[in-house]
Each structure stands twice: as structure tokens, then as C-alpha cells.
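Before any comments, here is the structure.
Order of the sequence lines sets the chain letters (A, B, ...), proteins ahead of strands, with each chain counted from 1. What's counted below: heavy atoms across the whole structure, side chains too, no hydrogens, waters or symmetry copies. Computed from a predicted model, the values in this text were never measured in an experiment.
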Protein chains: 2
Amino acid sequence: MSEKPTTIKEIAQILKISTSTVSRALHDHPSIGKETRAKVKKLAKDLNYEPNQTAIFFQKGKTYTIGVILPELSEVFFSSAISAIEEAAYNRNYTVLLAQSHDNEIKEKQLVEKMKNHRVDGLLVSISKNTKSFEHFESLKKYNIPIVFFDRIPQIQNIHYVACNMETGTVEAVNYLLKKGHRTIGLINGPTTLLASKERKEGFIKAMSKNRLKFDPTLVVNCDLTEQGTVEAMEYLLKNKRKPTAIVTFNDYVALYAIKYARLKKLEIGKDVEFVSYANLPLIDYMDYKPVASVEQFPTLQAQKATDTLLDLISQRSDSQEIQAFYKVIIESQLVENTKNN
Amino acid sequence: MSEKPTTIKEIAQILKISTSTVSRALHDHPSIGKETRAKVKKLAKDLNYEPNQTAIFFQKGKTYTIGVILPELSEVFFSSAISAIEEAAYNRNYTVLLAQSHDNEIKEKQLVEKMKNHRVDGLLVSISKNTKSFEHFESLKKYNIPIVFFDRIPQIQNIHYVACNMETGTVEAVNYLLKKGHRTIGLINGPTTLLASKERKEGFIKAMSKNRLKFDPTLVVNCDLTEQGTVEAMEYLLKNKRKPTAIVTFNDYVALYAIKYARLKKLEIGKDVEFVSYANLPLIDYMDYKPVASVEQFPTLQAQKATDTLLDLISQRSDSQEIQAFYKVIIESQLVENTKNN
DNA sequence: TAAGTTTTCTCAAACGTTTGCGCAATCTTA
DNA sequence: TAAGATTGCGCAAACGTTTGAGAAAACTTA
């Protein structure tokens, strides 16, 4: 039933030559004669020879595989990312070893170990929300396995990363709303622990001050990104002395919850109150009541750049031994108006 | 800078014992004395020993890795699936090698080769829409690499698969609409080439005849699943002598396009015309004008069962050599009413 | 204390491939 | 035709681990 795969040894035996000759012949090594090469290749084809990668990986100490650790594959942002990563890796003849941390620090550490043991050539990581310490990544450096972080990056020094700067997009968003005549703008932000929250808030403040409006801290509220949390944030904002006529929300989910709540309170979306959000969900296009605009974060672009960076690092590593600089690729977020669909 | 990882050999040398003893000690082999075992384990820990998996893979001819080939990771159905697959594999200590075919038959074949060369222990596949021949899968059987197909399964014999039967759900859907008083029900189906289209149509017909209504073929229209195609299908249906008051659509995207078109034509959704669809998009919950009900296909459940089946096959293989039966796991689709969200 | 048991460990092969080095055969050139 | 250059190939080690078979050491028992 289950035939054993052909090996180089067998080919050598049949042809009565050495395995090294077979190996070299198959790799078009110059020191092998034309005829032998042809004979070897022919027989290899006939016997359906397939090089045993596990042997090669072992021999070369290289697996042509990159590890990818993402928080949640079911989140649209990350599923778009993994799609792009796979694509980019495939184009450069690399394979993807995939794992998700479910935003669990302990699991993330285990996965890093596992990836190391699998001898991946490099690692692509978007860190878990709950990861506080980063030694598990440090340990990879010792083994010379490069890591590139993307989107969710740890706040430590000397790392390679690709990330999206939320400030620009936020500034654009606020400017856009101001231009539309809004003067009282609220921000439903994420948890304070997130870098992304910080960037959004800073963009918010910057836009205000640039427009000579004073920043009103009561119009900014943090939220845990759940529906309940969003409702509470909305209640807070709508009870405010200065009731916002426009609200910037941390992401599309928050926007959806907020819009739902606003409609429940009989507010007309786009008239009584208008929303701008950060793009996570492609389906926003199909919604009837949706944010007027979204700050695009380019998940696939980020993922692509991150993969390319990682693969560059991998090939550099084998070329030279010197320590290269740290790549810091910043993609600017960008406001896009959401088109009406009816 | 880059230290070489510790090996079993080094441990052996330091302790002046043989590598086999070290290996066995680390594996708690009974024939190793308590003290030696303790000594070995201590030193291993101190030296930060990590077994070189590539060597083990090579040695054992097993990689504890499963290959997964999906058509499109950016499609919600498949991203939910890969999330569940990774989860299930992780729980049984397997790792996932990921690739997407982009519905391209040639690429699919290349990927199967690549997976074979990587010596995956098994393969999980949802086939490309455009795949017509299946020898590339046959070739894996020779090497005793089990394959489990899921959701999109080839129409050939002697394979393991997990799939969702669309007929039941479709019958339920039609019954549901009939019960709501509809008598003229349309079906915007997918391309005739797809098994899924066939099942939907058969369910459609079966439900009609069970309710002693004669099946009207003019109310069924095939479509290529694009927006343009959907618009054409809608035009056709709305021009029909018997104008449907309810429409079953092939998937949520088609439903969205159809609803958009219907509203453009000033039809009131839920009154003039009602929709039932097949669930792909979690976001349907957030929509204002949406199908009243969806036929749930349980992507994560399918993926989970498929992974478990594959891993069972893999462990069986090493246990016994006999050829086992072919697993055919059918999950019944199920109608779920979509709750109102305002 | 010698023989038999049991415990603990070692030897060496094997997995399939790559590659540095050396050697033989062939070809070149004066 | 002898010396050197070139071409074509083989030898053997190496990568790190597992494992069957056997050897040595320790412990029993009569």
C-alpha cells in the first residue's frame, strides 16, 4: 500500500554512482558531467523522486518556514492580515506556520517556544493585548531568529516592526468633522493600556489645538470595547453638558454598538449625531446606518510589509553576520469617506 | 552573539555518559537510574536545552504538523474555519501549515506538492471552485498521508470528508417562508457546477412538493455570485409573471446585493419582499435590512470535526496498518431566525 | 561465592541530504 | 611525451536524535 518515497541513495545504487554525485547532479552542480546529470535526472523523474525536506531542513538548519502568531484569527483585521502574509510568504517560497494566542500571555509564550523548537527561520507577531513582559521574545534573539512585530507592537526598544500610526488618521478625522461644522466632538477610546488608544487621543488633541479649539477632556471616554462598555460610554457622552454632535469611536464594533444605542434613543444618524470610526470591518459598506468616514489602517499592507521585512532579515542573516539596524516601518492611517449605498 | 543551541551530545560529554542515556533520561525511560536522570535533567535545564525538532522530525519521519489548504482566507467562512482548525490542532499538540489556493487549480496542485515535501502528517483541504481533476490528492495516498476534505469536497469516491448538508436547511427555510404565508418563493442559486447549488435546489424542490405545491422552475435562477450577477437575477425574478414575495439567496453577499437592489426599486424589505439566506457573515446581526432568517452552516464546527477526524486518522495510521473505512461526517444545516436589532 | 537477576548504561546504526577535500581520468600545451 | 591544467566523480563526515541489542555493574539468592 504505502510505498516508501524514493531516496537519493537508491538512485545512486541503481546508477552505480555515489550519492554525492546524485545530489550534485540534481542541483546542476558544475562539476558533474552532462551525461551523468541527464541520467540522474531521468531516473529521478521516473522513480518520482521527491527530496525529503525534513532531511534537508535538518541538514541545513533552515526550514524555509516562518512562524506567525496572531491574537485572534476570527477578527477580520487579522484574517485579512494572515491572508496577505501567506500570500507574501508564498511568493518568496516560504511557508507559514500559524498559531493564535487568543490574547493570552501564557499561551503566547508557549507558542514562541514551539516556534523556536520547530526551527522557524523567522517570526511574525502581533502581540496579545495582555502581554506585559517580553523576555520570551528576547530569547529568540540568542538563536538568531529574527522577529518582526506588526500592528500590535510591544513598547520596547531594539525591535523590528511595522505599524500603523493612528495619529494622522485621527487628525484627519477630526478635521473632517470640524469642516462639516461640528464643534462638539466626542471620542470613545479604547483601554488606556493600549498604545493605539494613546495615539488616537493624541491625534484628537492635536487636531483640536491646531484648529484653535480648546480640548475638552470630558468629551473623551475610555471603554473596554464590549457592547455594554460602549453603551455606558454613550450614556456618559449624551448626558454631558456639551452634548457631542459627532463621535469618533475606537473601532467599527464600538461604532456599531454606539449607533445601535443612538438609534434606540431616537437620534437620527447623520443628522443628530454623526460617527467616524477606525476601519476593521469590510461590511461597513453594506450598512445603512454607519459611520460617515473611517480611518483606514491597511491590514493587508501592514502584513505584506512585515512579511517582506522579515524575509529580508532572514536572507541578510545568512549573508552577513553583522548586526543590522532595526526596521521601523510606519504606515500612515488615512481617512476614507464611506460611500452611501442606497 | 548567536549561541548555538545546546545538544544532547554536549550534555553527554559534560556528564561523561552516552548520548543514548541522555536521550532516555530526558524521556523518563525506565532503564535509567534515578540519579543519572536527575543529573541529566538538571544540566539540561541549566544549559537551556531544547530538543532540535528538525532532527526529531527527520528521525521519526513525522512532523506533528498538518497542512491546511483553503481557497481564500479573507472569506469569513474560511477565516472562522482556520481559527477553529488551529485551535483544534493546538489542543492535540499539532501545528498548522497554512496555504491558500485562491481558487486556482494549478496553485492548489503546487501546494499539495509542497505539503507533501514538508512531510506533513496529514492534510485538510477545502477544494478550489475551479478544480476539476483530483489526481494530485491521489498521489498522497501512496505516501500514506491522510486527507480530510471539508465543506468544499470533491465529487469522488473513497475520501474522508466533513461537510454540511444544505438540503435540510433549505427545506426548513422554505417551510418557514410558507408558514409565514408566502406562496411565491424565488431562489437565487449559485453556479450549477457547485455541489452546494445542487443541494440547495433539491431542498427547494423537496420542500415544495412536501407541501403539495408544484415547483415552478422559472422561480429559480442561477447566478455567478457577483453583484452584477445578483442584480440580473433580481431583475429576472421581479419581471416574472409570478413575482416572488420571498427570495432565498445562495449566500449573504448575494442577499446583500439583492436587498440593495430591492430597496433601490422601492420595495420594502420584510413587507413587499422577504429574504432568507445562508449564513456566511457574522455581521448580518448589525444590518438594518437583512434576511429574516439564515441557514447556518457551522463553519467552526465543520472545521473542528474535520481536524479531529484527521488527527484520529493520523494516530490510527501509526497504530495499525490496516485500511480503515472512509469517514463521512455530515453536519445538518439549520435555519436560524435573525433577531431584530432595533 | 558462584550463579542467576535485575538494574543501569553504552555501542552503533539509522534517518536523507549536503559538501569539503582528494583522487583519477582526461585534456591541453610546449 | 611529460608536465600541468581541467574535468568528473567518490569518500566520508556532519547535522541531532532515537532505539535495538548487548555489556557491565549491582544486587539477590542459595
Q: Figure out the NE2/C1' separation between H29(B) and dC9(C), and round it to whole Å.
A: 11 Å

Q) In whole angstroms, how far is the C1' atom of dC15(D) from the CD atom of Q53(A)? A) 16 Å

Q. Between S23(A) and dT17(C), does any side-chain N or O lie under 4.0 Å from OP1 or OP2?
A. no

Q: Starting at atom CZ of F57(B), determine the distance to atom P of dT17(C), rounded to an integer number of angstrom.
A: 18 Å

Q | Donor-acceptor contact present, side-chain S101(A) to main-chain E108(A), <3.5 Å | A | no

Q.
Please compare P30(B) and F58(B) by the position of their nearest nucleotide in DNA chain C and report the one closer to 5'.
A. P30(B)

**Q.** Given DNA chain C, 5'-ward residue of the pair A55(A) and I17(B), judged by closest heavy atom
**A.** I17(B)

Q) Has the side chain of R24(A) got a donor or acceptor atom sitting under 3.5 Å from an opposite partner on the base of dG8(D)? A) no

Q | Closest heavy-atom pair and its distance - I145(B), L123(B) | A | CG2-N, 4.5 Å

Q: Let me know the distance between CD1 of I32(A) and C1' of dT6(D), rounded to the nearest Å.
A: 15 Å

Q | Protein-nucleotide distance (R119(A), atom CZ; dT17(D), atom C1'), rounded to Å | A | 12 Å

Q. Does a donor on one side chain sit under 3.5 Å from an acceptor on the other, for S80(B) and S83(B)?
A. no

Q: Output the single nucleotide from dG10(D), dG16(D), dT17(C) whose closest atom is nearest the side chain of Q59(B).
A: dG16(D)

Q) NZ of K9(A) versus P of dA14(C): gap in Å, rounded? A) 8 Å

Q: Please state whether the phosphate of dC9(C), meaning OP1 or OP2, lies under 4.0 angstrom from any side-chain nitrogen or oxygen of T36(B).
A: yes

Q: Please state whether the phosphate of dT7(C), meaning OP1 or OP2, lies under 4.0 angstrom from any side-chain nitrogen or oxygen of K34(B).
A: no

Q: Find the distance between OG1 (T63(B)) and CD1 (I56(B)) and round it off to the nearest 0.5 Å.
A: 12.0 Å

**Q.** base_contact_polar (dC9(D) base, S20(A) side chain, donor-acceptor, <3.5 Å)
**A.** no

**Q.** OH on Y49(B) to CG on L26(B), rounded to 0.5 Å
**A.** 6.0 Å

Q: Select base, sugar-phosphate, or nothing to describe what Y49(A) touches, counting heavy atoms under 4.0 Å on all strands.
A: sugar-phosphate

Q. Among dT18(D), dC11(D), dG16(D), which nucleotide sits nearest the side chain of K60(B)?
A. dT18(D)

Q. Shortest non-hydrogen contact from Y94(A) to I314(A)?
A. OH-CG2, 3.4 Å

(Q) If you compare every side-chain N and O of T21(A) against the phosphate oxygens of dC9(D) (OP1, OP2), does one of them come in below 4.0 Å? (A) no

Q | Distance in angstrom units between L26(A) CG and dT18(C) P, rounded | A | 8 Å

Q) Which part of the nucleic acid, if any, lies within contact of T54(A), taking any heavy atom under 4.0 Å across all strands shown: a base, the sugar-phosphate backbone alone, or nothing? A) nothing

Q: Would you indicate which nucleotide in dG16(D), dT18(C), dC21(C) comes nearest to any side-chain atom of I56(A)?
A: dT18(C)

Q.
Below the 4.0 Å mark, does dC15(D) have OP1 or OP2 next to a side-chain nitrogen or oxygen of K4(B)?
A. no

Q.
Output the rounded distance in Å from NE2 (H27(A)) to P (dG8(D)).
A. 19 Å

(Q) Below the 4.0 Å mark, does dT17(D) have OP1 or OP2 next to a side-chain nitrogen or oxygen of T19(B)? (A) no

